[in-house]
Amino acid sequence: MKHALIAASLVLVAGLGAGCGGGDDESKPEASAAPSSSVSTAEFCEAYNSLFQEFAGKPQPSDRQAVRAIKKWADELEQVGPADAMPADARKGYDLLVETIGKIENGATQADIQKLTSEFTAEQQQSSNTFGTWAQKTCPTPSPSGASSGSPSEDSSSSAP
């Protein structure tokens, strides 16, 4: 049951980030600093999957531990930058993810994170979905149960959601 809790948080975070429809001037521009060099898909995926790997096979973290890890993850994503192969519409979601996670307070709960995502516009939600779909297809993560639905090295390992 506790693993379901962290999985739900991670899904929220993944959905969180992809939701930038553009034109949201309330966002901090500093959160999406342009990377100065090329970023390979492998480099991006390593950073993207680091959050999932941190929790794999470990006891359920507290909300405080999860928030710290999520914020660290967003910092890593920002440092690496988006993959060069990331489509522009998915990039909007990436930018929103990094920015939105920056708004999460250290003492936040899952409900606080859900509140942030519930405030997305329809356009932001669409961008969020686009990023989530792209990241899941491009950077497959191991399933929480340990059963792999496909090898990350296979091109078309799965078309299921």
Side-chain angles (χ1 to χ4, degrees), residues 6-56 58 61 65-106 108 110 112-114 116-117 119-144 148 150-159 161:
I6 192 62
S9 291
L10 296 178
V11 168
L12 286 173
V13 168
L16 217 179
C20 173
D24 182 4
D25 292 305
E26 295 179 53
S27 313
K28 291 182 183 176
E30 63 196 276
S32 58
S36 60
S37 61
S38 256
V39 177
S40 72
T41 299
E43 290 170 311
F44 174 80
C45 288
E46 183 177 337
Y48 178 81
N49 287 331
S50 67
L51 179 65
F52 301 95
Q53 292 167 352
E54 181 168 338
F55 291 120
K58 294 182 181 175
Q65 291 168 324
V67 166
R68 261 190 237 126
I70 289 167
K71 291 180 88 155
K72 177 183 171 195
W73 176 67
D75 288 344
E76 290 173 19
L77 286 176
E78 184 176 19
Q79 287 174 10
V80 168
D84 293 340
M86 185 182 293
D89 53 348
R91 165 89 189 243
K92 290 177 183 179
Y94 161 86
D95 289 339
L96 182 66
L97 174 71
V98 171
E99 185 176 304
T100 303
I101 291 174
K103 296 176 184 177
I104 298 172
E105 296 183 22
N106 289 334
Q110 289 184 48
D112 296 329
I113 294 170
Q114 283 180 321
L116 285 173
T117 61
E119 295 172 354
F120 286 165
T121 65
E123 189 175 358
Q124 288 174 322
Q125 188 60 49
Q126 177 61 43
S127 294
S128 177
N129 292 340
T130 301
F131 174 73
T133 299
W134 181 86
Q136 288 175 11
K137 183 188 289 185
T138 306
C139 307
T141 58
S143 67
S148 179
S151 169
S153 61
E154 311 240 42
D155 276 335
S156 55
S157 60
S158 172
S159 60

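From a predicted model like this one, the values you see are computed outputs, not experimental measurements. Numbers for residues simply follow the sequence, beginning at 1.
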Practice problem: Could you give me the CA-CA distance, side-chain angles and deciding distance for Leu96 and Phe120, then say whether side-chain contact (heavy atoms from CB on, under 4.5 Å) is met? | Solution: CA-CA 10 Å; Leu96 182 66; Phe120 286 165; 3.4 Å; yes

Exercise. Start with the C-alpha distance between Ile101 and Trp73, add both sets of side-chain angles, then the distance that settles side-chain contact (heavy atoms from CB on, under 4.5 Å), and finish with yes or no.
Key: CA-CA 9 Å; Ile101 291 174; Trp73 176 67; 3.7 Å; yes

Value for CD (Glu123) from CD (Gln126), rounded to nearest 0.5 Å, stands at 9.0 Å

Here the gap from Thr117 atom OG1 to Asp112 atom CG, rounded to the nearest 0.5 Å, amounts to 11.0 Å

dist Leu51:CG -> Ile70:CD1 (nearest 0.5 Å) comes out at 6.0 Å

Judged by modelled atom types alone, do Gln125 and Asn129 share a side-chain donor-acceptor pair under 3.5 Å? yes

- Item | salt bridge (Lys or Arg N to Asp or Glu O under 4.0 Å) evaluation trace for Lys71 with Asp75 | CA-CA 6 Å; Lys71 291 180 88 155; Asp75 288 344; over 6 Å; no

- [ ] Return yes if some donor-acceptor pair links the side-chain N/O of Tyr94 with the main-chain N/O of Ala83 below 3.5 Å, else return no.
- [x] no

| task | Please indicate whether Glu119 has more than 12 foreign heavy atoms, meaning atoms of other residues, nucleotides or ligands, lying under 6.0 Å from its CD. | result | yes

Exercise. Which of parallel (below 30°), tilted (30 to 60°) and perpendicular (above 60°) describes Trp134 and Phe44?
Worked result: tilted

Any sub-3.5 Å donor-acceptor pair from Asp84's side-chain atoms to Val39's backbone N or O? yes

Here the gap from Leu116 atom CG to Gln114 atom CD, rounded to the nearest 0.5 Å, amounts to 10.5 Å

